[in-house]
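This report refers to the structure that appears directly beneath it.
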Amino acid sequence: MIRNMEIEMKSTQLTGDNYIGFKKSGKGNSVFQAVSPNDGVALPVEFKRATDEEFEEALSLAEEAFPIYRSISNEKRANFLDRIADEIMALGDVLVERCALESGLGTQRITGERGRTCNQLKLFAQLLRDGNWVDARIDKSNPDRQPVPKPDVRRMLIPVGPVAVFGASNFPLAFSTAGGDTASALAAGCPVVVKSHSSHPGTNALVSFAINKAAQETGMPEGVFSSIYLSHEYSVKLVEHPIIKSVGFTGSRSVGMTLFKAAINRPEPISVFAEMSSINPVVLLENAIKAKTEQLAESLVQSVTLGVGQFCTNPGLVLLIKGETSQKFLQTFSKSLEKAAPGVMLNKNIASSYRNGVESLQKNGQATLLAESAVKGKELNTMGSPAAFTVSGTHFLQDNAFSDEVFGPASVFVLCNDHAQQLKVLESFEGQLTATVHAEKGDEQALPSIIELITQKAGRVIYGGFPTGVEVCHSMQHGGPFPATTFANSTSVGTDAIRRFVRPVAYQDFPNDFLPNELKNDNPLQLLRLVDGNWTKDKI
């Protein structure tokens, strides 16, 4: 397969260079290779980290592209996004195979993720063609109003400027080079500079080739997209650079906060939309467990171990009320988890961090190992083996360490004395991406207070399901209170993600000829606009 891939890579220009606008550039002497987590073997192609000159050139091109790109019509930007999706699909098996080798996620998972990536690009294209995302609002003047005349005020959203996007390790397509951050920024009218993730540089190179091909063939300005390989210290420099006006990041809390602090300490502070840490609590109420013991146990195991637990929505904490019902459930869950096989994690550092997290729980005198995989896995430093622990509600409330995310196929069951303690545990949580509750008839008394609490703690609340799997749609919220994300009012999935990279501008008493088309009297774009408090497409 590798030999065939090498032939294919030549045809797709996978040379290990940076994409600085429309050109490939490899001036640096610092090189690295991707290492397959499947066997620890270095994969073909050496990738060259960007030099200072290449770094500055990518940013300068983005700055030059911005006034051109922001003025391009929604229809043309939509064509660009559609074309990116088409070019990604045109890469064929070479992308799927390279991505699977670099991530260890398997071709079936990568094929599905490729579809999600392309579908979200096309969803943003649809949003652009609709045009209503600019949120046009008009309040007409009233010169006769007393005691002072009312001005004509018209407001809409405009792009902020060049955006830095950091590729994520756990979604090498959907949250990386052409993922949600890039798609929403390009849709907004912002040029993008991607800092490729070091674990999957070949995937980045292939997707960057597709994006730049689409940009050239749809007439986009050079600099609308660049992709550069950077050392860790350059991550902060990228955020600190005055040309960058906003940042999209998915990753660890430590790195996310480093970037966030760098952004707010700039002479001109900017927003870092960082998705960082979440344990995604699941509450299982008494009657739900009684009605569906085996089904809930099996579904929970599948959710905990999906993708070797490397989903940002992995259910890392489960709340039960101690008793005969919960004991039976834990026995059923344990039997199912023991059958779950270990899996290859994204890279050796993530696997090592996971094992350290499990070891910390094992050494904690208040936690008890409930179950672990009984299936023998490969002897690799990238393997992650499923595990589950129990802790009492009392000890959970006494030790903040139980709230720490263990990124991987592990979960902690909190056994509460009663409903009151269950609420105290929920109150103690930091912000979460998701929170889930399972209930059946007979649980109605406990349910309202739980729903109220989890709604305050999480960005997405789920009833009767499990949090892994995030639907890409207009109404999705993938973000939550800190530390799940840095801004609880933003989402990184769904069309509302575009609002991260725009800002509102109000035009007061402007002549009609000098207004943007979105705000002109005759409404040439046929947008739905809020005019004097009423939504309408009518002319003024």
- prompt: In terms of ring plane angle, is the pair His438 and Phe466 parallel, tilted or perpendicular, where the classes change at 30° and 60°?
  reply: tilted
message: Against the six-membered ring of Phe171, is Arg116 placed for a cation-pi contact (under 6.0 Å from the centre, within 45° of the normal)?
response: yes
query: Does the side chain of Ser30 come under 3.5 Å of the side chain of Arg49 through a donor N or O and an acceptor N or O?
result: yes
field: Heavy-atom pair with the smallest gap, counting every atom of Pro409 and Thr305
entry: CB-CA, 4.2 Å
query: Charged N to carboxylate O below 4.0 Å: is that the case for Glu471 and Arg460?
result: no
message: Between Thr332 and Glu294, do the side chains contain a donor N or O and an acceptor N or O under 3.5 Å apart?
response: no
task: Classify the angle between the aromatic ring planes of Phe249 and Phe166 as parallel (below 30°), tilted (30 to 60°) or perpendicular (above 60°).
output: perpendicular
query: Roughly how far, to the nearest 0.5 Å, is the CG atom of Leu415 from the CG atom of Leu319?
result: 9.0 Å
message: Salt bridge or not between Arg98 and Glu102? Use side-chain N to carboxylate O under 4.0 Å.
response: yes
query: Name the one of Leu300, Val282, Val391 that satisfies side chain to side chain contact (heavy atoms under 4.5 Å, CB included) with Phe413?
result: Leu300
message: Angle between ring planes, Phe487 versus Phe260, binned at 30° and 60°: parallel, tilted or perpendicular?
response: perpendicular
task: Would you check if there is a donor-acceptor pair between the side chains of Gln421 and Thr394 at a distance under 3.5 Å?
output: yes
statement: For Thr177 and Thr182, the nearest pair of non-hydrogen atoms, with its separation, is O-OG1, 2.8 Å
query: Where is the tightest heavy-atom contact between Asp17 and Gly26, given as atom of each residue plus distance?
result: OD1-CA, 3.4 Å
